[in-house]
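We use all heavy atoms of the structure for the numbers below, so side chains are in, but hydrogens, waters and symmetry mates are not.
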Amino acid sequence: MDLKLLDAEPTLEEREAVDAAIGAPTSAWDGGERGTHRDAHTALGGASVRNRRHELVPALQSLQARVGWISEGGLGYVCERLGVPPADAWGVATFYALLATTPRPRRVLHVCSDIACARKAHGVELALEASVGPPISGAPSGDSIILGDDEAAWMHSPCLGMCDMAPAALLTVAGETPVERLCGNITPDRASGLLARRRVRSTSADILYVEQRLATTTPYATVPDSSASAPIPQLGDPSLVLLKRVGVVDPTSLESYRAAGGFEALQRALEMGAEAVVAEVSASKLVGRGGAAFPTGRKWEAVRTQPAQPHYLVCNADESEPGTFKDRLLMTHDPFAIVESMTIASFAAGCSRAYLYVRAEYPLAYERIANAIARCRDAGVFPSGFDIELRRGAGAYICGEETALFESIEGKRGEPRSKPPFPVNSGLFGKPTVVNNVETLANVIPILLMGGTEYAKIGTAGSTGTRLFCLSGAVRKPGVYEVPCGTSLRSLLELAEVREMSALLLGGAAGNFLRPDEIDVELSMEGARAANATLGSGVVLAFDEQTDLHHVVRRIAGFFRDESCGQCVPCRVGTVRQEESLHRLAHGRPIGGVAGELALLEEVGVAMRDASICGLGQTAYAAVESAIKRLRLYEGMA
């Protein structure tokens, strides 16, 4: 391909960042120095360069981590190295929320403003506005922008997966040794201290405020990641299956994991053979825990019998549903179990390579999973010819959709594909692919150790095993809880010591609101269907009487508007129109009265549900609809 590259030149720092991610250039044709006379006239390896497209997002992430944003020169160097047209690379860079294409300070605090954190974070936001200034949301003004190394900023963020320690924030510090930390239970003083700036009134008549660096600057590398100390309410409970090692076994030690029975399931799988492993998983009646509830054994068998090679396994750890944090707990506190489960699943489905896609907002989980993979590789745990590659998201909720995740791994915008073909036939890189989320894979170990038939005795006939639920909001003991499928919602809330509540959100932003008199619902697939609800990703978010539910519903609508990839019209337009309608109701300016506005909302919601290409648009109206019809939130409005 003949590329029209950009004129801007990368800085030395930008070159080093890109080379660290994808390797040093080998010739003048991919950004290096001119070598032999032949190098001046002949480019070798065109296909091999084009096949490196999947390295685009990691290269852009390396630039972001080193410099704090992606300049035109840096983007151009990436394009030259990977043979990607600049317009194409620009489309990818601007798609992901955690990649900045305009100047941004090296230190940024991303403050969660989503439904679980919003009310508690208000004081933090006010303190940051007073000490640092308003949040950034786009390009800074002016034709010439100079950012010093001590500059800092803050911005609003969607859910960071720290709802059990609300309010939460993500600190990112770009540099040669970048720092990323999840900060839970953050206070106004701590937030201001992390940015280490304050605004003071100037003595000059021409300048109202000046900024001063605080005397007590936090050494960022020593800032602890709060996910390491997240609450584990059921710690030590002998009935636990998936969480029994969490908080008990050292998550960084291969030896500790082995001592706790680690890799016994993998050894058993290798002795049984792939077909027998699939049979055990099928006998267990395990279904996906991400919300779709597809039978896991059937999916593995479909890929195992595909003639096309190679086969891939993808572990979807892009846990971005507001209110969800169970996968974060498993990856942070039991990473070797996830690696073992992925190895078993890959063996059963005949996959020679597996990918684990972790959301970018989980830096400690990424670090511990990376350590677990490296330790297992070095210790020879993996079967011959098998390996696991770790990838990071870049801030896009839509990449939780399996085909959008494929696109992201392949170095493209995370836009869902049309189905069919389905992933079991044509998935990652066009090959048969198994996709399971973290919790689904975590069930594989107990299934093999106790046997599929014995496992199926736990729970109900239609929903076997245990499930993880993320409790937050108006509860005294927030955290991840493990209960057998079929447990009542009331019992689960009693475990978490729920306070007086006005409503409850089950299943996340894509789920449904329930009234306080509906909490006897059975937590199983069939129980949720009977209650006209969904378990979704296991979110149980309780709201007390002080919560403005109208604001919560508008925030959910705003979340879907922000996170829509924009590929299909029903979702791209419908999510905007839905939010506009809710704002008109809030400001007392409905079209055709309240009844007319609600009818319009219903029409938009049905269009999104029936015509959107993926689950985001199809469920964007679910919570709003339940607030209207179940909570009757808008009855009595003038």
For Arg359 and Leu160 the tightest heavy-atom approach is NH1-C, 3.5 Å

| query | Below 4.0 angstrom, N of the basic side chain to O of the carboxylate: do Asp544 and Arg499 qualify? | reply | yes

Residues at least two apart in sequence or cross-chain that pass side-chain hydrogen bond (donor to acceptor under 3.5 Å, both in side chains) with Arg392, listed by chain then number, are Glu180

Smallest heavy-atom separation, Ala396 atom then Phe95 atom, equals CB-CE2, 4.0 Å

Sorted by chain and number, sequence neighbours left out, side-chain hydrogen bond (donor to acceptor under 3.5 Å, both in side chains) with Arg572 holds for none

(message) Any side-chain to backbone donor/acceptor pair from Arg413 onto Val92? Under 3.5 Å, distance only.
(response) no

Sorted by chain and number, sequence neighbours left out, side chain to side chain contact (heavy atoms under 4.5 Å, CB included) with Asn532 holds for Arg630

Counting C-beta onward and ignoring hydrogens, is there a side-chain heavy-atom pair between Arg181 and Val179 closer than 4.5 Å?
yes

Worksheet item: Tell me, do Leu194 and Cys183 make a side-chain contact under 4.5 Å, heavy atoms counted?
Response: yes

| field | Face-on cation placement of Arg368 at Tyr366 ring, 6.0 Å and 45° thresholds | value | no

Between Arg577 and Glu579, is there a side-chain N and carboxylate O pair less than 4.0 Å apart? no

* Asked: Are any of the side-chain nitrogens in Glu580 or Arg561 under 4.0 Å away from the carboxylate oxygens of its partner?
  -> no

Ser71 meets the side-chain hydrogen bond (donor to acceptor under 3.5 Å, both in side chains) criterion, sequence neighbours left out, with Glu14

Note: Ser418 and Ile613 closest approach over all heavy atoms is OG-CD1, 3.5 Å

| Do Asp189 and Ser192 have side-chain atoms, one donor and one acceptor, less than 3.5 Å apart? | no

query: Does any non-hydrogen side-chain atom of Cys315 lie less than 4.5 Å from one of Leu441?
result: yes

* Hey, does the side chain of Ser612 reach the backbone of Cys614 with a donor-acceptor pair shorter than 3.5 angstrom? -> no

Check whether any side-chain heavy atom of Leu493 lies under 4.5 Å from a side-chain heavy atom of Leu471, and answer yes or no. yes

Less than 4.5 Å apart, any side-chain heavy atom of His550 and any of Tyr634?
-> yes

**Asked** Under 4.5 Å between any side-chain heavy atoms of Glu410 and Arg53, yes or no?
**Response** no

Sorted by chain and number, sequence neighbours left out, side-chain hydrogen bond (donor to acceptor under 3.5 Å, both in side chains) with Glu597 holds for Ser581, Arg584

Mind checking whether Phe543 and Met501 have side chains closer than 4.5 Å, heavy atoms only? no

Margin query: In the structure I gave you, are the side-chain heavy atoms of Thr187 and Val124 within less than 4.5 Å of one another anywhere?
Written below: no

Between Ala394 and Tyr357, the two heavy atoms sitting closest are N-OH, 4.3 Å

Would you list the atom pairs, donor with acceptor, under 3.5 Å between side chains in residues 317-325 and any protein atom, with sequence neighbours excluded?
| unit_1 | atom_1 | unit_2 | atom_2 | d |
| --- | --- | --- | --- | --- |
| Asp318 | OD2 | Gly400 | N | 3.3 |
| Glu319 | OE1 | Asp327 | N | 3.4 |
| Glu319 | OE1 | Arg328 | N | 3.2 |
| Glu319 | OE1 | Tyr362 | OH | 2.7 |
| Glu319 | OE2 | Lys326 | N | 3.1 |
| Glu319 | OE2 | Asp327 | N | 2.7 |
| Ser320 | OG | Asp318 | O | 3.4 |
| Glu321 | OE1 | Tyr397 | OH | 2.5 |
| Glu321 | OE2 | Ala509 | N | 2.7 |
| Glu321 | OE2 | Ala510 | N | 2.9 |
| Thr324 | OG1 | Glu321 | O | 3.0 |
| Thr324 | OG1 | Ser537 | OG | 2.9 |

Intermediate values then yes/no, salt bridge (charged side-chain N to carboxylate O under 4.0 Å, His left out), Glu602 and Lys629: CA-CA 11 Å; Glu602 175 80 5; Lys629 298 178 180 179; 3.2 Å; yes

Determine whether Lys419 and Glu402 satisfy the following criterion, salt bridge (charged side-chain N to carboxylate O under 4.0 Å, His left out), listing intermediate values before the conclusion. CA-CA 11 Å; Lys419 300 175 188 175; Glu402 57 188 8; 2.8 Å; yes

